[in-house]
Protein chains: 2
Amino acid sequence: MAPSRLAAEKRQHIVETAYRLFKRGGFHATGIDRIIAEAEVAKMTMYRHFPNKDGLIAEVLDWRTARFERQLDRLAETAQTPDDKIATILDWYQRWFDSPDFHGCLFQHALAEFGEPDHVVFKAVTRQKDGLKRRMRDILAARMPGERAASIAATLLMLLEGATLLAQMGQGKAAIADMRQAAARILDAPG
Amino acid sequence: MAPSRLAAEKRQHIVETAYRLFKRGGFHATGIDRIIAEAEVAKMTMYRHFPNKDGLIAEVLDWRTARFERQLDRLAETAQTPDDKIATILDWYQRWFDSPDFHGCLFQHALAEFGEPDHVVFKAVTRQKDGLKRRMRDILAARMPGERAASIAATLLMLLEGATLLAQMGQGKAAIADMRQAAARILDAPG
DNA sequence: CTCAAGTGAGACAGACCTGTCTCACCTTTG
DNA sequence: CAAAGGTGAGACAGGTCTGTCTCACTTGAG
């Protein structure tokens, strides 16, 4: 039978509550008991919707990936040139770093705690990073050969990931500024 | 009383065993019981040398930082120009990515699991990253104004951290190549 | 030799973990 | 109304976690 409307809402509520707790406390350190207490949900309700904790984590990451990519695609529509589209991504990161409950990248953290390439969580992380890289590559491909677009997209991804790390260590402001300079130099360089 | 020679050796053995296990399995997921079993050491021996698990983790990171910086400083002596010194650092990362039991950066992982800025582990992470950035800044300062050296050092650090992340996702080869191109463009750009 | 420090082995406490199960209750649907 | 699926609350099992403690033994220092 198809899940009822209320069941789907409960499921989504669990995902968002778990997201908030994982972001603050990490994955292994955040217990199921804590999640169901915070979500005000019975334990069996959680285990009826998700096979186990790892499955919940992967679902949380995939949900977050979808939200992230929606925001990114919407932003890309507001800009005209490829360079402007890339700039809106950097703007997005800058706002993220400045947001009050910034705790670093949940996907980086997931990779740290689930480093086995076959693990369902590991795969959810690669999906997010590959999606971001592909979006930047597609943006740049309108302005340069595909191979060079792929290379620069990878470079920008590295800069973004490194900047996120520095931001988690309290150096977000400088990291954004330095990243903008570097991005400008890389994009302006002769092909 | 000063610790005996054997006691110091045991202590060091615990640190190196914990390092190996943390690298593979993460921090929360690796239990004390596993560490002392692998190190073939009594539990009380471990707790006599370290105040608690967090203290052991911080010690492991600091030991690893010292080893890393020794290697870096030794490499820097073999190169002449600032650009060559930076290149030897990139070479070091490339060899690291290709090493058989590469599992990503232990400091990134520690930051993911201990995100509280006041935590002893968090501080050990910032020490390592700041140390690396400072070394690159000092290298570059021989070739450009101090402010620009600091900015480029931060950019290179971001690239290195991002490349390490990509390497953990199996894209180390391409990441190194793209990073080298980006570094060359950034270093060659007009001041 | 003598004594103290260090150690190995393991029991132990108390807490927490994941995941299963029961049972009474509610709500939705036919 | 009646049947069935979803839920809340919590007990429960079996395991693991950190950290403390005891006791017998070994090893190093004076």
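Protein chains get the first letters and strands the later ones, always in sequence-line order, with residue 1 at the start of each.
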From [atom1] of [X] over to [atom2] of [N], roughly how many Å is that when rounded to an integer?
{"X": "A:His13", "N": "D:dG6", "atom1": "NE2", "atom2": "P", "value": "19 Å"}
{"X": "B:Lys10", "N": "C:dA5", "atom1": "NZ", "atom2": "C1'", "value": "14 Å"}
{"X": "B:Ile14", "N": "C:dG6", "atom1": "CD1", "atom2": "C1'", "value": "12 Å"}
{"X": "B:Ile36", "N": "D:dG19", "atom1": "CD1", "atom2": "P", "value": "12 Å"}
{"X": "B:Phe50", "N": "D:dT18", "atom1": "CZ", "atom2": "C1'", "value": "16 Å"}
{"X": "A:His49", "N": "D:dG6", "atom1": "NE2", "atom2": "P", "value": "8 Å"}
{"X": "A:Ile35", "N": "C:dT18", "atom1": "CD1", "atom2": "C1'", "value": "11 Å"}

### Task
Taking only heavy atoms on the protein side, list every residue of residues 21-34 of chain B lying under 4.0 Å from any atom of DNA chain C, sorted numerically.
none
Check the side chains of [Y] and [X] for a donor-acceptor pair under 3.5 angstrom, ignoring hydrogens and angles.
{"X": "A:His109", "Y": "A:Gln168", "answer": "yes"}
{"X": "B:Lys133", "Y": "A:Gln171", "answer": "yes"}
{"X": "A:Glu161", "Y": "A:Gln108", "answer": "yes"}
{"X": "A:Gln94", "Y": "A:Arg180", "answer": "yes"}
{"X": "B:Ser151", "Y": "A:Asp178", "answer": "yes"}

### Short side-chain N/O contact to C:dG6 OP1/OP2 from B:Arg48, under 4.0 Å
no
### Test: A:Arg34 and A:Glu38 ion pair at under 4.0 Å
yes
### Test ring pair (Phe, Tyr, Trp, His ring centres under 6.0 Å) applied to B:His28 - qualifying residues, sequence neighbours left out
B:Phe114
### Query
Can you name the residues that form a ring pair (Phe, Tyr, Trp, His ring centres under 6.0 Å) with B:Phe102, not counting sequence neighbours?
B:Trp96, B:Phe97
### Task
Tell me whether the centres of the aromatic rings in B:Phe68 and B:Trp92 are closer together than 6.0 Å.
yes
## Note on the structure
Out of D:dG8, C:dT20, C:dG8, minimum distance to the side chain of B:Thr45 belongs to C:dG8
### Task
Please determine, for the side chain of A:Tyr47, which listed nucleotide (C:dG19, D:dT18, D:dG8) has the closest atom?
C:dG19
### Query
Quick one, which residues of residues 52-64 of chain B touch DNA chain D with a heavy atom under 4.0 Å?
B:Asn52, B:Lys53
### Task
Could you pull out all residues at least two apart from A:Thr30 that satisfy side-chain contact (heavy atoms from CB on, under 4.5 Å)?
A:Leu21, A:Phe22, A:Ile35
Restricting both atoms to N or O, compile the protein contacts to nucleotides 10-12 of chain D shorter than 3.5 Å, with distance only.
none

### Query
So B:Lys85 and B:Arg143, side chain to side chain contact (heavy atoms under 4.5 Å, CB included) or not? Walk me through it.
CA-CA 12 Å; B:Lys85 289 179 196 290; B:Arg143 180 183 176 283; over 6 Å; no
